Amino acid sequence: MSSSGHSASVSKLMQLLQEWDSGPKSVRRKLLQDFIAQNHNKTAPELDAEFADAASLFLARIMAWLRLTYMIGTCVFEQLQALEIFLSASSGHKFLAEFLEVGGVLTVIEILGVKQAREADKAEALQVLICIANAGRKYKELICESYGIRAIAECLARSRSEVTQERARYLLQMLAEGNAKFQVQVYKGLIALLPCSSPKAQQMAAQTLKVVQPIVGTAHMNIVDPLLNLLKTLHPEVQFEAVELIQLLMDYEVQSLILNGLVKLLRPAKEDLDDRPDFLEDFMNENISGPLPFYLQQAAAAKTIGILVNRSLLIAEELLQLPVISNLMFAMGNVDHADSQRQASITLEQFCQNFPIVEELVHEAMGDALYELFMSDSEALYTKLNAIQADILVSNKASIQS
């Protein structure tokens with residue numbers, strides 16, 4: 001840079017810093033907005049050239065003001081956007097180091113937990129953390145050591161903004177990748193999200209677990225119950241991700257626990273049918289009517305078992321060691337929920353087609369007339385059942401001898 005150019009940069013910097021130091025909130029907001037508009041996607045050398053090799057002086061002022069104002073929300077969004085420019089700048093390691101030296105990571109993580117913080121502020125705070133995580137493993141570790149995993153997971157669970165939630169999901173996934181020291185902690189944090197009250201967070205947690213599970217390797221048994229409980233959901237997109245994750249987990253140590261759980265769900269306990277799960281309270285004002293969640297879970301379990309049987313005869317053989325045939329017939333007799341009847345009937349037909357011993361057993365348990373009706377059109381059987389036939393199905397004692 002020429003001498004005159006350098007002098008102009010120094011003059012511009014001194015004017016900016018003077019305006020910042022003496023200006024009220026409105027002036028500082030305008031300075032931040034101008035900086036954001038003029039310096040988007042600039043490299044660190046370009047930023048330094050713009051500020052006479054002293055861009056760090058402006059960065060330090062932004063950080064100092066952010067620590068003073070983030071609890072009350074003053075220009076938080078603009079300050080975070082300016083920080084993102086510094087931290088995402090190519091060759092900007094010195095800016096990142098200066099940010100870390102003044103406790104920047106903790107400050108940004110704390111913004112995620114501020115009750116009155118705007119969704120836009122939280123989304124931008126997550127974007128700043130993504131910039132830091134992009135710098136490498138030791139920076140991911142620093143976020144985790146600053147209680148970042150819990151803060152990010154809680155932000156995902158509580159947020160009502162899909163932009164915020166998607167950034168939180170993506171950041172959790174980033175923190176699990178290439179970060180052996182904390183990957184299990186991220187994995188457990190995602191499992192802890194499965195029972196939360198936000199369907200979107202549940203969907204994203206299950207979706208991310210499909211990525212993180214192979215990274216972690218060993219499946220934790222604590223994943224089984226909350227995962228199976230997702231089958232109660234009123235939201236098909238959540239159920240889809242749950243079924244996908246169940247399929248993935250068939251290759252892990254929890255296969256037997258999941259199969260046992262699915263078979264049990266086909267025959268809900270009477271006391272369960274009298275309960276209303278807590279997560280339904282959010283829908284009470286919408287006057288939602290229809291089947292109980294345990295019937296939704298029953299239908300989803302029957303459907304999932306069918307998917308697993310279609311995928312692997314080895315899994316089908318494992319299921320036959322359990323009371324799956326009897327419980328499928330029980331679900332077929334559930335006249336209170338047509339989808340349970342339909343899904344169970346389709347899955348039972350798959351067993352009959354693959355295993356002659358099952359076909360004989362089902363024929364014997366149903367009797368000739370009902371069996372012929374079943375085999376002629378299993379999917380529509382529920383529309384043709386009479387009360388006696390439904391009772392035959394519910395009270396069946398079908399059992400395959402070992």
Side-chain angles (χ1 to χ4, degrees), residues 36 39-48 55-67 70 76-77 79-114 117 121-156 159 163-190 192-193 204-205 208-209 211-212 214-216:
I36 294 161
N39 296 285
H40 186 63
N41 284 337
K42 282 191 176 179
T43 66
E46 287 172 334
L47 288 172
D48 263 334
S56 296
L57 294 176
F58 189 44
L59 172 60
R61 280 165 168 78
I62 295 172
M63 274 306 305
W65 199 39
L66 182 63
R67 287 199 303 274
Y70 77 88
V76 171
F77 182 72
Q79 292 183 82
L80 290 169
Q81 278 194 312
L83 286 176
E84 184 188 351
I85 287 173
F86 280 109
L87 299 178
S88 63
S90 177
S91 305
H93 294 295
K94 74 165 187 172
F95 295 143
L96 179 55
E98 291 163 3
F99 173 82
L100 298 178
E101 282 175 11
V102 294
V105 169
L106 272 172
T107 301
V108 175
I109 287 173
E110 284 173 5
I111 291 171
L112 300 178
V114 175
D121 295 344
K122 292 180 180 180
E124 191 58 35
L126 289 164
Q127 190 60 40
V128 170
L129 292 172
I130 288 170
C131 289
I132 297 166
N134 269 328
R137 177 185 53 79
K138 71 176 183 178
Y139 300 101
K140 293 179 183 181
E141 290 181 355
L142 180 58
I143 293 171
C144 296
E145 288 165 356
S146 303
Y147 305 100
I149 295 171
R150 179 172 180 175
I152 297 161
E154 288 180 351
C155 179
L156 173 54
S159 175
V163 172
T164 304
Q165 288 181 306
E166 173 53 31
R167 288 185 184 177
R169 185 210 66 76
Y170 177 65
L171 182 53
L172 286 172
Q173 181 176 316
M174 284 185 70
L175 294 177
E177 295 171 333
N179 187 14
K181 187 175 179 181
F182 288 97
Q183 64 189 21
V184 173
Q185 191 173 328
V186 175
Y187 175 67
K188 290 180 178 178
L190 290 167
L193 283 171
M204 288 182 168
T208 311
L209 278 165
V211 177
V212 175
I215 294 172
V216 173

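Here the structure is a predicted model, which means the values were calculated and not measured.
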Could you tell me the separation between the [atom1] atom of [X] and the [atom2] atom of [Y], rounded to the nearest 0.5 Å?
| X | Y | atom1 | atom2 | answer |
| --- | --- | --- | --- | --- |
| Ile109 | Ile132 | CD1 | CD1 | 7.5 Å |
| Tyr147 | Leu106 | OH | CG | 9.5 Å |
| Leu156 | Leu112 | CG | CG | 11.0 Å |
| Leu193 | Met204 | CG | CE | 11.0 Å |
| Arg137 | Leu142 | CZ | CG | 12.0 Å |
| Phe99 | Thr107 | CZ | OG1 | 7.0 Å |

Sort out for me which residue in Asn179, Leu96, Asn134 forms a side chain to side chain contact (heavy atoms under 4.5 Å, CB included) with Tyr139.
Leu96
Nearest heavy-atom pair of Leu47 and Phe95: which atoms, and what distance?
CD1-CE1, 3.9 Å
Looking only at heavy atoms, the pair that brings Leu126 and Leu171 closest together is CD2-CD2, 3.9 Å
Answer whether the closest heavy-atom distance between the side chains of [X] and [Y] falls below 4.5 Å.
| X | Y | result |
| --- | --- | --- |
| Ile152 | Leu175 | yes |
| Val76 | Val114 | no |
| Glu166 | Tyr170 | yes |
| Ile36 | His40 | no |
| Ile143 | Ile149 | no |
| Met174 | Ile130 | yes |
| Ile215 | Glu177 | yes |
| Gln173 | Leu190 | no |

Keeping Arg167 on the side-chain end and Ala123 on the backbone end, is there a donor-acceptor pair under 3.5 Å?
yes
Is there a donor-acceptor pair under 3.5 Å between the side chain of Gln185 and the backbone N or O of Phe182?
no
Using distance alone, with no hydrogens and no angle criterion, decide if Arg169 and Gln165 have a side-chain donor and acceptor under 3.5 Å apart.
no
With Arg67 via side-chain hydrogen bond (donor to acceptor under 3.5 Å, both in side chains) - residues at least two apart:
none
Verdict with supporting geometry, Leu80 and Ile111, side chain to side chain contact (heavy atoms under 4.5 Å, CB included)
CA-CA 10 Å; Leu80 290 169; Ile111 291 171; 4.1 Å; yes
How would you list, by chain and number, every residue that makes a salt bridge (Lys or Arg N to Asp or Glu O under 4.0 Å) with Lys181, sequence neighbours excluded?
Glu145
Can you tell me which residue pairs pass the side-chain hydrogen bond (donor to acceptor under 3.5 Å, both in side chains) test with a partner in residues 79-97, sequence neighbours excluded?
Asp48-Lys94, Thr69-Gln79
Heavy atoms from other residues, nucleotides or ligands near CZ of Arg61 exceed 12 (cutoff 6.0 Å):
yes
